[in-house]
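The sequence lines fix the lettering, A, B, ..., with proteins before strands; numbering per chain opens at 1. A quick note: this is a predicted structure, and the numbers were derived from the prediction, not measured.
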Amino acid sequence: MSWVAVAAARLRALFGRRRLERELDEEVRFHLEMQIEDNLRSGMKRAEARYAALRSFGGVEGMKENYREQRTFGFLETTAQDLRYAVRTLRKSPEYTISAVSVLALAIGANTAMFSVVNTVLLQPLPYRSPERLAMLWTEDPSRNFREGRSALWDVEQWRQQSRSFEGMATFDAMSMFLTGPDGVEQVAGASMSPGLLRLLGISPVLGRGFTTDDAEQRQRVVLISHRFWQARFGGSREALGATLVLNGYPCRIIGILPAGFQVARIDADVWETHSSRQSLRGREAWFVVGRLRQGVTLAQAQEEMSAVARSLRDQLPEDARSRTISVVPLSLYMVGAQSRLGLWMLGGAVFCVFLIAAANVTSLSLARSVARMGETAVRAALGASAGRIVRQLLAEGVLLAAVSGLAGTVLASGGISLIRAYGPGNLPRLEEIALDLRVLGWSLAITVLAGILVGLSPALASLRSDLRPPGAAGGRSVSGGVGIRRVRRALVVADFALAVVLLAGAGLLVRSWWNVNRIDPGFRSDRVLMMEISAPVAFSLPAKQRFYQRVLEAVQATPDVEEAGLIGELFKDNNREELVMYERAGSAVPERMQFAAEEVCGNFFKAVGTPLLRGRPFSSADGPDAPPVAIINETMARRFWPGQDPLGRRFQRGGRDSAGRWYTVVGVVADMRVQGPERTPIPQMFVPLAQSAPPRNVDLFVRTTSEDPQALAATLRSAVRSVEKNASIAKVGTLEQQYEAYLTQRRFQMSLLIGFSIVALLIAAVGIYGLIQYSVATRTQEIGIRMAVGAPAPEIFRMILREGLQLTLAGLVLGLAGAFWMGRASASLLFGVAPTDPWTLSAASLLLIAVGVTACCFPARRAMRIEPTLALRQE
Amino acid sequence: MANKADVLQGTLTLLVLRTLEALGPLHGYGIARRIEQISRDVLQLNQGTLYPALLRMEQEGWISSRWGTSENNRKARYYSITGAGRRRLARETEDWRRMSSTIERFLGLDPGSLAEEGG
C-alpha cells in the first residue's frame, strides 16, 4: 500500500509550498557549495570549481522541476499556477472580463431558469407510482369534434369488465362543497373519487386511511382532506383525524389526510368524498376516468382494445350516443397538452439560441484577445512551454471565466425562477414545483462547462495553429493565425445574426398572433364589470333558491353606483357536453347532436355584460313559471338551425324524440360570447329565464358599475347579498376583465419571453459585429491611410467599411430566414391567425436586423473616415 | 575502466539505503560522495537524480530527514534510515542477490551445459 503513503505525502506537500521551495533551494545550494569546496581543495581555480560543480550536478532548474513534480500532484500544482495566472490576466483587462462575464451570466441564468421550467413541467415524472402507465379515458365523438368528454359510471363499469388491458380504473370529478363553520357558510374546493383511486395512483394518506368500497357502497359520510387544508384549519395536529366537518349541511368524519401537493389531473381539492362505482342506470356522463395499464401492455394495444369495447357497447347505448368511441391518452399528455408542450420546447430552444449567441460572442472576444497576446505566447513557447502547457493555461482562463459566469448565472436564475413562479401563467401545471434542483444545477454546470471550453479552447487551438514567431518580426500583424482567427470571428458574427433573425421572426409571429387574439370580439364588454359566484345555502328548497336569487338581484340593483346587474348560471365553460337537440324546420322536427350549452339568466344579464341583443326582446317579468317557455339563442345557434331565416318564433326541444322535454320558443338572438376563451369558436348556446327553470346550485352575478374601478364596489355588494341571506356563500370575486384575461396569460407569457430573448440576442449580435468591424478598422489603419493618401474620398472609406459589415449581416440574414422558415412550420400550432411564413413579419424582422447591423457598423466606419493618412502611414 | 557507468535507476534506492544503514545519518552531498567513493569511482552519480530519489524514498517512509548543522557549520538536511527502510533494504538485498546469482550461474555454465540444462 505504499502508493497510499506516497499519495498522502503528496497531498500534504500541497500546503506550505513556499517553505518547501526554500528548503529545496537551501539543500541544492548546500550541495553545490560543498562540491565547490571539494573542487577548490583538489586544486581548481574559483571559477573552474564553480563550473565543474554545476556540470556534475546536471541541470539545476530541470532537476528542481522533476523534484516538484515528484513532490505533489504535478497536475494540481500546474493547474493552480494556471488559475492564478488567469486571475491576474483577467484582472488586468477589466473591460473584457466584465463584458464577457455579464453576457455569459445572463445567458446561463436565462437558460437555467428556462430549463427548470421545462424540467418540472415536462421532464419530471408525475408524483404517482409508475406514472407512465397511467392514462385518461375519454368518451369522444370525432365526427362531431367532441373530445375529452367525461363518462358515465355505468360505462366505466362496462369498460372495466370487458377490457383486459387495465389493472384498474377509477373515476373522479370536482364538486362544489359548502363548509359550515362558526362564521357562516363558505365554499371549499371539493371533489369526489371512487374508492380505488388512491391505490391506483399509488398514493397513501399521510395519516389515517383511504376510502374502501364499503365506505362508498354504504354511503358513509367520510372525507379525506388535503395537506394544505389540514395545516390551515387544524394546524397539522393529529386531532384532525376523526374530526367532523359539516359539508353541504351534513356532518362528515375525516378519516384520512392526503399528502402535500396531491392532485389528480389538475383537480386540486381540499375535501374529497367518495362515490360508488356501480350504478344500475346509465346516468350522467360526468366523470373523469383514469386507468392503470397492465404490465407489458402498450398504449396502442390498450387503445385498440378500448375502441373494440366501444364498438361492442354501441348497441346497448341509446341511439344518440351510437358513434361514441373511447380514447386512451397518457396522463402526462393530459396534464400538459401538446400545445403547451410545444410552447415550452420552443421557449427552451429560443433561450438556448441566446446562449449560443452569447457564447459565440464571448468566444469572438477571446479570440481577439489571443491575437493581441500572440507575442506573449511566442515568448512562452521559446522559454520551453510545451504546446500542452500553453493550451492548458488558455483553457484555465476560459474555464475560470465560465465558472464565475456560471455562478453569477445560477444566482440570476434563482431570481428568475421566483419571478416565473410569481408571474407565470397560472394554468401552467406544477408551477409551484419549479425550483433549482439537482438536475437543473446539473444543466447549469453542463452549459457552463460548454461555455468554458468554447471560450478557452478556441484561442488555444488558434494559438497552436498560428506561427509562433517572436513579436516584432516583419508583417507581425498578418500572421497566418491572425487571418484564420478573423475568418472564425466573421463566421461567429454571421451565426449570431442568423440566430437573432430566427428569434426575431418568432417573436414577430407571436406578437401578431397576440394582436389577432386580442382583436377578437369577446361578445361582451368587460370594462367596469364586477363578477362573483353566489351560492344559495344547501338546505334551501328549490323555490327558496329561486326567491333567494331574485331577492339578491333586487338588493344589488338597489345599490348605488350599479348601472346594470344580472345573473347567469355559469358564464365561462371549460368542458362542454354533447346533447341532442330537436328543432323545427319546415314543419317537422329535426334532431341533431351537437356540443351545446344552456344557461339560466335573470335580470339584465345581457345589458350588464354588454352583449348586444341582435333581434327580438330580452326576458321580462311576463316570462314567469306559468308562461310559455321561451329562450334566447346566440348567433351560432340561429345560423346552425335556421340559416338565412328569422329564428324568432321558431321552436326547439332538448332531447330526442322520446324525451319529454319542453319546447322552447325563440324570442331573442344575442351576439356570440366567447365563453371558452378567445381562441375557441363559439358553440351554440341558449338562455332561459331563471323563473322558468330549476334554480342552479350557484350563479354568477355580473354587475356593471358606474365607477372605473369595479372592485371598489365589492364590499358593498357583498353586504347587499348577505343582507338577503347571511348564510349565502360568495366566492371568486373579481372583474370580468380579469376572468377573460386568464385565457390570455399563457400566450402573453410566451410572447413576452420571446420578445425579451430576441432583444437580448439582437443586442449581443450588435455588440459582436461592432467589435469585429472596430478591430478590422484598427488592423487596416495602414491600408486605409494609403487609400486616402492616393485620393480615396472619406465617404468611400465609410462605404467600404459599412459594406464589410453589411455583407456579414446579410449572410446572417439569409441563413436566419431559412432557419425561421423551418422553425415557423414546426411551431405553427402556437400561432393564431397568421401563417408561419408570413411575409410581413419576416420582412419586418429582416429590416430590423439590417438596421441594427448597419447602425452598429456606423461607429467604426465613421472612425475609419476620420483617419489621418499621414498618421496612419507612420503607424507600424 | 574507460566509461563510468550510470547508476541504474532501480538500484539507487538499494545503494542509498545501504549507505545510510552502514554510515548513519548523512546529508545529500555526503550520500553522493560516499556512493562514488565506495564504488571506487565506477559509479558516477548524476547528482540531479539523487534528490528526487531521496524525496521518493522519504514519501515511501524508508528514510526520514531533519535539518541539522554540517561539519563546517552550515545548515544541511540529514537523512537517516527508518525501520521500514531497513526492512526494505533487506528485501531488496535478497532480490538482488538472487537475481545476480541466477545470472552468475547462467554466465558460469559452459556452452555445452547450457544446451543440457534446457532439456
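By the 4.0 Å N-to-carboxylate-O rule, B:Arg74 lies close enough to A:Glu37 to be salt-bridged with it.
Within 6.0 Å of CZ in A:Arg389 there are more than 12 heavy atoms belonging to other residues, nucleotides or ligands. Surrounding CG of A:Leu438 are at most 12 heavy atoms belonging to other residues, nucleotides or ligands under 6.0 Å away. A 6.0 Å sphere centred on CZ of A:Arg439 holds more than 12 heavy atoms belonging to other residues, nucleotides or ligands. Other residues, nucleotides and ligands place more than 12 heavy atoms under 6.0 Å from the OH atom of A:Tyr85. Within 6.0 Å of atom CZ in B:Arg18, 12 or fewer heavy atoms from other residues, nucleotides or ligands are found, so the atom counts as exposed in its surroundings.
Remark: A:Tyr67 engages no residue in a ring pair (Phe, Tyr, Trp, His ring centres under 6.0 Å) (not counting sequence neighbours).
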CA sep, side-chain torsions, deciding dist, call: B:Arg77, A:Phe30, side chain to side chain contact (heavy atoms under 4.5 Å, CB included):
CA-CA 9 Å; B:Arg77 189 187 222 146; A:Phe30 173 78; over 6 Å; no
CA sep, side-chain torsions, deciding dist, call: A:Arg29, B:Lys75, side chain to side chain contact (heavy atoms under 4.5 Å, CB included)
CA-CA 10 Å; A:Arg29 208 177 337 124; B:Lys75 206 163 137 206; over 6 Å; no
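Between A:Leu32 and B:Tyr29, every side-chain heavy-atom pair lies at or beyond the 4.5 Å cut-off.
With a threshold of 4.5 angstrom between heavy atoms, A:Glu23 approaches chain B through its backbone and through its side chain.
In this structure, CD on A:Glu27 lies 10.5 Å from NE2 on B:His27, to the nearest 0.5 angstrom. How far OH of B:Tyr51 is from CZ of A:Phe57: 6.0 Å, rounded to the nearest 0.5 Å.
When all heavy atoms of B:Gln59 and A:Ala9 are compared, the pair lying nearest together is CG-CB, 3.6 Å.
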